[in-house]
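Have a look at the structure below before the remarks.
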Number of protein chains: 4
Amino acid sequence: MKPPIILINYKAYENSYGERGYEISRKIEKVSKEYGVPVIVTVPATMIYKLSKETELIVYAQHVDGLEHGAKTGSILPEMVKDAGGKGSLLNHSERRIRLDEIHDAVIRMRKIGLESVVCVDRYELVYSMGILKPDAILIEPPELIGSGVAVSKAKPEVITKAVDEIKKVPGVYLVAGAGITSGEDVYKAVELGADGIGVASAVMRAKEPERVVAEFINQALKALEKRS
Amino acid sequence: MKPPIILINYKAYENSYGERGYEISRKIEKVSKEYGVPVIVTVPATMIYKLSKETELIVYAQHVDGLEHGAKTGSILPEMVKDAGGKGSLLNHSERRIRLDEIHDAVIRMRKIGLESVVCVDRYELVYSMGILKPDAILIEPPELIGSGVAVSKAKPEVITKAVDEIKKVPGVYLVAGAGITSGEDVYKAVELGADGIGVASAVMRAKEPERVVAEFINQALKALEKRS
Amino acid sequence: MKPPIILINYKAYENSYGERGYEISRKIEKVSKEYGVPVIVTVPATMIYKLSKETELIVYAQHVDGLEHGAKTGSILPEMVKDAGGKGSLLNHSERRIRLDEIHDAVIRMRKIGLESVVCVDRYELVYSMGILKPDAILIEPPELIGSGVAVSKAKPEVITKAVDEIKKVPGVYLVAGAGITSGEDVYKAVELGADGIGVASAVMRAKEPERVVAEFINQALKALEKRS
Amino acid sequence: MKPPIILINYKAYENSYGERGYEISRKIEKVSKEYGVPVIVTVPATMIYKLSKETELIVYAQHVDGLEHGAKTGSILPEMVKDAGGKGSLLNHSERRIRLDEIHDAVIRMRKIGLESVVCVDRYELVYSMGILKPDAILIEPPELIGSGVAVSKAKPEVITKAVDEIKKVPGVYLVAGAGITSGEDVYKAVELGADGIGVASAVMRAKEPERVVAEFINQALKALEKRS
């Protein structure tokens, strides 16, 4: 994982799986290759195998249970994600929150088997507490802006700058910003403020031309990174 | 779905996925074909696609979320299971319990798209309440016997007979018995008591010779069915 | 418990506890006595003791855990509610949903020690499934109307009539209707449609003159009952 | 709050409420006064009012919901605990775990209205993450030792010493040790290792002579504190 981090959360839309999920993945893959920038897609568990096998995208689960093997009906263990070809997982998304001890268990088990972990938080005050667990990245998303079309980087830039201050206390952990990001300008702003990348969902999944949107996001993230350095 | 129902819950054991999960599935499939008795395997979500594609087993999910499409990170919708090749799902397993309204939502959505649903309960007193929702089957498992090696059909035969009485009030819904079943005799007893089939997990998943165990289970279930008719 | 059932859910408003909670309770009590109609108030657990001791209202908890005594930090057992003077409890309110087995456990334990139970459901299709557990009453509330000011009896009268049909299959269980009820007319309509009473929250708790509102509700409920008989 | 912190968790035993809860509270209060050492009792929500009014114990809730006032049926807000006379609350007990954002919300709201907060953790690796939220104290309890009769201070002294190291990074937050503590020696050891006090439940609640046990605990805690200084 290295900046710019472009993370696309497929969630559970009509085109997050099946033929349409495959199709949009191909489009994202094409842009990713053109720019030479890896793109992380967090997909439904049922799609990890196929998308890992048939695309060069960095395929993540949307959630894993940091449990030991055993009688755990309905659980998805890190080992299952890895076996299916997945490279990592989101943890603690606002639509699938878990407890701190569960996050800790999962991060440890994932690291051990070489999976990347991206832990979501809803406020900058928790970035350091989560960062101490040493996931690969923290994704900060004020829940009230998720899916709103109002970008965190514009509406609440201080959330990003404060989160960036917090993440500096834990070297080796990246900070990704999300919630409401829809335009290249939103992306530029987020990275300019210090984020190592961005997380989006509907902006890509519901776009008429997802490849154009992803290209613009990558482009602006690269530009902002360059300006920062 | 028709008796004898043989349901094998893969849970999250070391051999529930990956190469070993594939291997045990092949063995179960072989026995299923020999006897001409379909076998239901409830597998980790990451395995549905591969096992549906490469075996003739009846592949189920271990849990689904009966939700509408949308911003539901980490959820597995019935449509995703179907798209991956799955034929149904467990609901409300004691290791993944959900609320009655969630069960109802899921059963409705599953029926609509042609997925089978097997709803778990822990006591006969709830069989009718769950049966009213019209899933394809109810799987009754006293939790204290799950994984115990002490079969419900021997230790608590009255749980099965009372559940059988309850299920008769909702024609068209099968009754499957589970918990602690390890021998062919346990299976025979369960079906003799009126169950339409049996649910097992560790007895097969942790067996040295799973094909022998499954063969014995099918054999005894058929014998008991024949005796009953 | 007998019709008309008037149930006021205190929820967690600023005036649900403390001096203001005590004050509004006194007002409700006064009206209840005037009309000779008992009123059920479901109050925060911390208020059960005081309100049971100092008023003649029928004091309920808003939730109980149907658990055995033991190491259950943070749980409120039926025995604790009874000891504090409570006469019953809501179960499965849409703001505090629990599973069917938990509802069953709670109803059994409550009945055993003489506490009344009112189980909430969000749809008529679940009325019978819940009714089988034999609580004292079922409170049906379409969640989208809760707190809306749009009464279930006006916006969705068929929810009440269908729920009434369902409840008839389990003699001895009352049906209470709730969600959006704000006027005496809403109450009249609900009881006219066959409900044994009504459940309200904000309509009373946020009223300028709660005593006037409660009086009107009781009045209209009595009128509708009389018309029905 | 100041060392030695003696915290007795009433949980949900037969004598945690009612006449017997009142009786044991009187006994604990007597010892507390004799030694001039305040004792914190975490009691069922229904008992806060009575025990706050009739004893000089430091009465805590076992759990609070850090929510805004409103439509939150079944929730116990910090304001309700305070109104009933409570002085604080446990948060995140292993029998009632909550998420990190919920802990943060609760700690903030409690501090604002002058309630003390004691956040439980199950491992030393999370002490700092929780400490950053600035509760009044962290209570560390390895869950496998809770109620075991095998004291954390003897079986896993390193859990306490490492937790003590972690808590030093957040000045102003106390560290309390718990799980399996049954003898005065266990208490002495815990405080000697650096804990600011101890948390117990069954050792007192199920004792034949709770006053003798509490006296011994206070005595040994004082001795260890003196030795340390």
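Contacts of Met47(A) with chain B are made by side-chain atoms alone, with heavy-atom separations under 4.5 Å and no backbone atom involved. The contact between Ala71(A) and chain B is made by backbone and side chain atoms together, counting heavy-atom distances below 4.5 Å. For chain B, no part of Leu67(A) is nearby; none of its heavy atoms comes within less than 4.5 Å. Only the side chain of Tyr49(A) comes within less than 4.5 Å of a heavy atom in chain B; its backbone stays farther off.
Electrostatic pairing of Glu209(A) and Lys27(A) does not count as a salt bridge here, judged by no charged N lying under 4.0 Å from a carboxylate O. Taking the charged nitrogens against the carboxylate oxygens, Arg26(A) and Glu29(A) do have a contact shorter than 4.0 Å, which makes a salt bridge.
Minimum heavy-atom separation, Ala207(B) to Ala203(B): CB-O, 3.3 Å.
Of the possible polar contacts, one joining the Glu95(B) side chain to the Thr73(A) backbone as a donor-acceptor pair under 3.5 Å is found.
The salt bridge (charged side-chain N to carboxylate O under 4.0 Å, His left out) test applied to Glu56(A) returns Lys33(A), not counting sequence neighbours.
Of the listed residues (Lys53(A), His69(A), Glu14(A)), the one with the most heavy-atom contacts under 4.5 Å to chain B is His69(A). Ranked by heavy-atom pairs under 4.5 Å with chain B, the first of Lys50(A), Met80(A), Glu68(A), Arg206(A) is Met80(A). When the candidates Gly70(B), Gly18(B), Ala45(B), Pro44(B) are compared by the number of heavy-atom contacts under 4.5 Å with chain A, Gly70(B) comes out ahead. When each of Glu19(B), Glu79(B), His63(B) is checked for heavy-atom pairs under 4.5 Å with chain A, Glu79(B) comes out on top.
The only member of Pro78(B), Ser117(B), Ser75(B) that meets side chain to side chain contact (heavy atoms under 4.5 Å, CB included) when paired with Val64(B) is Pro78(B).
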